[in-house]
Amino acid sequence: MIVTGFRKFIKRPVWISLTVGSVGALVIAGFPWFALAGTTATATAGALYTAIGLKTHQTQSIDTGLSYFNDATKWYHTMIWACWPWKTLDPHNTVLTLLEQSSHNLTMADTAIQRALPAINDLLGHLGFATPQHPDPPLSHAQMAADLFHQLPTVNRLVNLFYPSLVQWNHWIQTVPMPNWLINQHRWHKFQQESQLLTADLHDIQSILPMIIKMVPAHGTRRYFLIYENTGELRATGGFMTAYSYVTFINGHLQPLHSHNIYNLQSEIRYRPPAPLIIHTYLYSPLWHLRDANTSPNVPTSVQQIYKFYNSIPHAPHVNGVIFVNTWLADAILQNIGGVTMPKTYNSLKVTAANANYEMEYMAERSPLPIPARKKFIAIMFHEVLHKLAHSPVPVLLATIHSVFRSLNHKDIIFYFNNPQVEEIAQTHNWAGTVDKHVHTDYLEVVDENLGGHKDNFYMHYHVTSRIKKIGSRYLQTTTVTWTNTGIFDNWLVVPYTSWVRFYVPYGSTLISLTGGNAITQDYNNRTLHKTVFGNHLTMPVRLTAQQSPTTASMTATYWLPAGLNMSRYVIQKQPGIKDDHELIIFNGHALPPFKLYTDTTVNLEPVHP
C-alpha cells in the first residue's frame with residue numbers, strides 16, 4: 001500500500017510537468033504564428049482602409065489605414081521577438097535573419113510615415129481630398145493640377161523623407177536569398193526588378209524637384225519657349241524645330257498650352273543675318289532663319305542664337321528659358337498609355353507609338369483638312385495625352401514617370417534657363433545639352449545634320465567604331481561612322497540622304513584624312529567649346545524596294561590626338577535625337593565590349609600602355 005501510494009505520488013507531478021511542458025511548447029511554437037496572423041490581419045485592414053480613402057478622397061480613412069499599418073508593424077516586431085527560441089537553437093537560421101532585417105526596415109518606414117503624416121494630409125487636402133478643415137473641396141482636375149505645383153515643396157520634403165527608407169528596402173530586396181519553398185523565384189526576380197525601378201524613379205524625382213520648384217515660383221510669371229523637334233529630320237540639338245508653345249506659369253498655375261508652326265514667326269522676325277556657309281550651300285538659303293538656328297550641338301550656344309531671332313520680334317513675350325522636346329518622348333508616352341483617340345475633326349484617328357510620327361507628318365504636309373485644324377493637331381494630341389494620363393491607374397503613371405526620366409537622360413528633353421542657378425542644376429544632371437568643355441582625356445561627339453529636308457532619320461541606324469593605337473609617344477585615332485538606312489524611297493519621308501557631318505574631338509588634334517565626304521573638308525578649332533572639329537558633306541544612295549538590302553554609307557576621320565593627353569578614359573557624348581547608336585572601341589588592338597550609346601558615356605581605357 002505504501003509503495004502504491006508512493007508511485008501515484010510520483011506519477012502526478014510527472015503528468016503535470018508533461019502537460020505543462022506540452023502546453024508551453026505549443027505556446028512557444030504557436031505564438032509566432034499567432035503574431036503572424038495579427039500582422040496579416042492588421043496589414044490587410046490597413047490596406048483596405050487606405051484603398052477606400054484613396055477611392056473616396058477621404059483623408060480620415062487613409063489616416064485609419066496608416067494607423068493599422070503602424071499596428072501591423074508592432075505585431076511584426078512581436079512575431080520576431082517570439083521567434084527567439086528558434087534563433088537560440090539555430091543561430092544561423094536564414095529565414096529568421098531575413099525577418100530581423102525586414103523588421104529593421106519596417107521600423108524605418110513606419111517612423112517616416114508617422115513623421116510625414118501631417119504633410120501627407122496637407123498635400124492631399126490641396127489635391128481635392130476631404131479633410132476635417134475642408135470636408136467637401138470642389139476641385140476640378142485643372143485646379144488639382146494647378147495646386148500640385150504649389151505643393152511641390154511639400155512633395156520635395158516627402159520624397160527626401162521616404163527615399164532613405166526605400167533605398168534600405170531595395171537593398172534588402174536585391175540581396176536577400178529568398179528560399180524556393182517560400183516564394184516563386186521568377187516572381188521574386190520580377191519583384192526585385194520593379195523595386196529597383198521604383199527606387200531609381202524616386203531618385204530621379206528627388207533630383208529634378210529642386211529644379212522644378214525654382215522653375216515654378218509661387219508668385220509671379222514664368223514663361224518658357226517650348227520647341228518641338230522632329231527627330232526624323234535630325235539637327236544638332238535633336239531635330240528640326242517644327243513647332244513651338246509657351247509653357248506659362250502665373251502664380252504657380254500652369255496656363256493652357258497652344259502649339260504653333262515655327263514658320264508662323266518668320267514674318268515677324270526682324271533679325272535676318274546672312275546664312276552660314278553650310279546652310280547657304282545645302283539649304284539654298286542666303287538668309288539665316290530661326291528654324292535653322294540650332295546648328296551648335298552645345299544647347300546654350302544654339303539658344304543664344306535662337307534668342308537673337310526671337311528677341312527681334314516686336315512685342316514678343318519675354319521668356320525665362322527654352323525647353324526642347326523631340327518625337328521620341330511622344331512615342332514613349334503614347335506607348336505607356338496605349339495611344340489616344342483624336343476628336344471627330346480628325347476622324348477619331350487612333351494615335352499610337354507605332355504611327356504617331358507618320359500621322360504628324362501627314363497632318364503637317366498632306367492632310368486635306370483646313371490649315372487651322374492641321375496646325376492644332378499637335379496641341380490637341382498633347383491635350384488628349386494629358387487627359388488620359390490624369391485618369392490612368394498608378395502603374396501607368398509610374399511607367400510614364402520612368403519614360404520621362406529616361407527621355408531626360410537620353411536627351412529627348414533638354415532645358416535651358418536664363419537663371420544661372422537653375423541652369424546649373426540642369427547641367428549638373430546632364431539635362432542641359434552642353435558639350436563638355438573640360439575633358440582632359442580622349443573625347444568624341446559625332447554631329448549629323450539632315451539637310452535634305454525629309455525624314456530619313458526615323459529609319460536610320462548608326463555604327464561608330466573608334467580605333468585608338470599608340471605609336472611612339474602619341475596616339476593615332478581612326479573613327480568610322482556608318483549609316484544604315486532601312487527606309488524605302490517614297491519621295492516624301494524617304495529620299496536619298498544628305499547631311500553635314502562633324503566630328504568634335506580633343507582640342508589640338510591633327511587631321512590626317514577625312515574620307516567618305518563629297519565636299520571640301522572643314523578643319524578648325526572651336527575655342528569656345530575647347531574642341532577641334534572636322535566636317536564634310538555626306539550623300540547616300542536610296543533603297544527603292546523592300547527586296548533590296550538597306551543602303552549604307554561611311555565616313556572615316558583619321559587624326560593624331562594631342563601630345564600628352566591622358567588616355568585612361570574616353571568620353572563619348574551622344575547627339576540628341578539619335579535613337580539607335582552602336583559603339584565599338586578598339587584600343588591598342590583590344591576590342592572592348594560593344595554597347596549602345598543611349599546617353600553620354602565615359603569608357604575606361606585601362607591599361608594605358610599596349
Side-chain angles (χ1 to χ4, degrees), residues 146 149-150 152-153 156 207-229 235-239 241-260 262 264-266 268-271 273 288-326 329 404 407-409 411-438 526 528-530 576:
F149 284 106
H150 277 294
L152 286 178
N156 189 42
S207 301
I208 200 172
L209 276 175
M211 185 180 80
I212 296 178
I213 290 170
K214 289 183 178 296
M215 279 179 64
V216 189
H219 303 286
T221 299
R222 291 291 186 276
R223 183 181 295 106
Y224 302 97
F225 194 47
L226 177 63
I227 297 176
Y228 302 97
E229 294 185 306
R235 295 296 175 91
T237 63
M241 299 189 295
T242 183
Y244 73 95
S245 295
Y246 291 109
V247 180
T248 305
F249 298 93
I250 299 178
N251 297 327
H253 289 192
L254 176 64
Q255 305 303 299
L257 290 176
H258 302 284
S259 69
H260 309 275
I262 198 77
N264 291 356
L265 292 176
Q266 191 55 49
E268 302 180 46
I269 293 173
R270 299 292 179 263
Y271 176 65
W288 200 358
H289 298 293
L290 170 63
R291 62 180 182 265
D292 299 317
N294 57 336
T295 57
S296 173
N298 188 54
V299 166
T301 303
S302 281
V303 167
Q304 295 309 313
Q305 188 59 49
I306 290 171
Y307 277 170
K308 290 181 180 179
F309 290 101
Y310 181 83
N311 291 335
S312 73
I313 299 174
H315 312 295
H318 173 73
V319 295
N320 300 94
V322 178
I323 304 172
F324 297 89
V325 297
N326 67 43
L329 172 65
V404 169
S407 295
L408 270 171
N409 294 327
K411 298 184 176 181
D412 297 328
I413 309 171
I414 299 175
F415 296 99
Y416 175 84
F417 299 102
N418 300 353
N419 185 327
Q421 292 180 336
V422 190
E423 175 68 6
E424 184 179 1
I425 296 175
Q427 291 188 10
T428 298
H429 294 289
N430 199 27
W431 299 332
T434 53
V435 171
D436 194 342
K437 305 174 186 177
H438 307 292
N526 186 324
T528 302
L529 300 181
H530 198 69

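Thr295 and Trp288 get closest at one heavy-atom pair: OG1-CZ2, 3.9 Å. Of all non-hydrogen atoms in Ser407 and Leu329, the two that sit nearest each other are OG-CD1, 3.4 Å. Residues Tyr307 and Val319 approach most closely at CE2-CG2, 3.8 Å, considering heavy atoms. Nearest heavy atoms, Thr528 versus Lys437: O-CD, 3.6 Å. Summarising the geometry of Pro300 relative to Gly433, their closest heavy-atom pair is CD-O, 4.2 Å, with the distance given to 0.1 Å. Ala293 and Ile306 get closest at one heavy-atom pair: CB-CG1, 3.8 Å.
A distance of 5.5 Å separates CD in Glu268 from CD1 in Ile313, rounded to the nearest 0.5 Å. Expressed to the nearest 0.5 Å, how far NE2 of His260 lies from OH of Tyr246 amounts to 7.5 Å. Note that the CE atom of Met241 and the CD1 atom of Ile227 stand 5.0 Å from one another [nearest 0.5 Å]. For the atom pair Asn320 CG and Asn418 CG, the distance stands at 6.0 Å (nearest 0.5 Å). The CZ atom of Arg291 lies 11.5 Å from the CG atom of Leu265; values are rounded to the nearest 0.5 Å. The distance from the CG atom of Asn326 to the CG atom of Asp412 is 4.0 Å, given to the nearest 0.5 Å.
Checking side-chain atoms of Ser245 against main-chain N and O of His258 turns up a donor-acceptor pair under 3.5 Å. Checked by atom type and distance alone, the side chain of Asn294 pairs as donor or acceptor with a backbone atom of Gly239 at under 3.5 Å. Using a distance-only test at 3.5 Å, with no hydrogens or angles considered, a donor-acceptor pair links the side chain of Ser302 to the main chain of Ser296. Of the possible polar contacts, none joining the Asn156 side chain to the Leu209 backbone as a donor-acceptor pair under 3.5 Å is found.
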>> Between Thr301 and Gln305, is the side chain to side chain contact (heavy atoms under 4.5 Å, CB included) condition met? List the steps.
In response: CA-CA 7 Å; Thr301 303; Gln305 188 59 49; over 6 Å; no

>> Working note: Val247 + Leu254, criterion side chain to side chain contact (heavy atoms under 4.5 Å, CB included); need CA distance, chi angles, decisive distance, verdict.
In response: CA-CA 7 Å; Val247 180; Leu254 176 64; 3.9 Å; yes

>> Let's go through Ile323 and Val325 carefully: what are the C-alpha distance in whole Å and the side-chain angles of both, what is the deciding distance for side chain to side chain contact (heavy atoms under 4.5 Å, CB included) to 0.1 Å, and is it a yes or a no?
In response: CA-CA 7 Å; Ile323 304 172; Val325 297; 4.2 Å; yes

>> Evaluate Tyr228 against Ser259 for side chain to side chain contact (heavy atoms under 4.5 Å, CB included), listing each step before the verdict.
In response: CA-CA 9 Å; Tyr228 302 97; Ser259 69; 4.1 Å; yes

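Less than 6.0 angstrom separates the ring centroid of Phe417 from the ring centroid of Phe415.
Applying the salt bridge (charged side-chain N to carboxylate O under 4.0 Å, His left out) rule to Asp292 yields the partners Arg235; only residues at least two apart in sequence or on another chain are considered.
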Donor-acceptor contacts, no H, no angles, side chain residues 210-225, under 3.5 Å, sequence neighbours left out:
{"from": "Arg223", "atom 1": "NH1", "to": "His318", "atom 2": "O", "distance (Å)": "2.8"}
{"from": "Tyr224", "atom 1": "OH", "to": "Met215", "atom 2": "O", "distance (Å)": "2.9"}

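Contact annotation: the side chain of Pro576 never approaches that of Phe324 to less than 4.5 Å [non-hydrogen atoms, C-beta and beyond]. Contact check for Ile413 versus Val404: side-chain heavy atoms found under the 4.5 Å cut-off. In this structure, Glu423 and Tyr416 have side chains that are in contact, with non-hydrogen atoms separated by less than 4.5 Å.
Counted within 6.0 Å of CD on Gln266, heavy atoms from surrounding residues, nucleotides or ligands total more than 12; the atom is thus considered enclosed.
Ring orientation note: the planes of His429 and Trp431 are close to parallel, at an angle under 30° on the 30°/60° scale.
Between the side chains of Thr242 and Glu229, not a single donor N or O lies within less than 3.5 Å of an accepting N or O.
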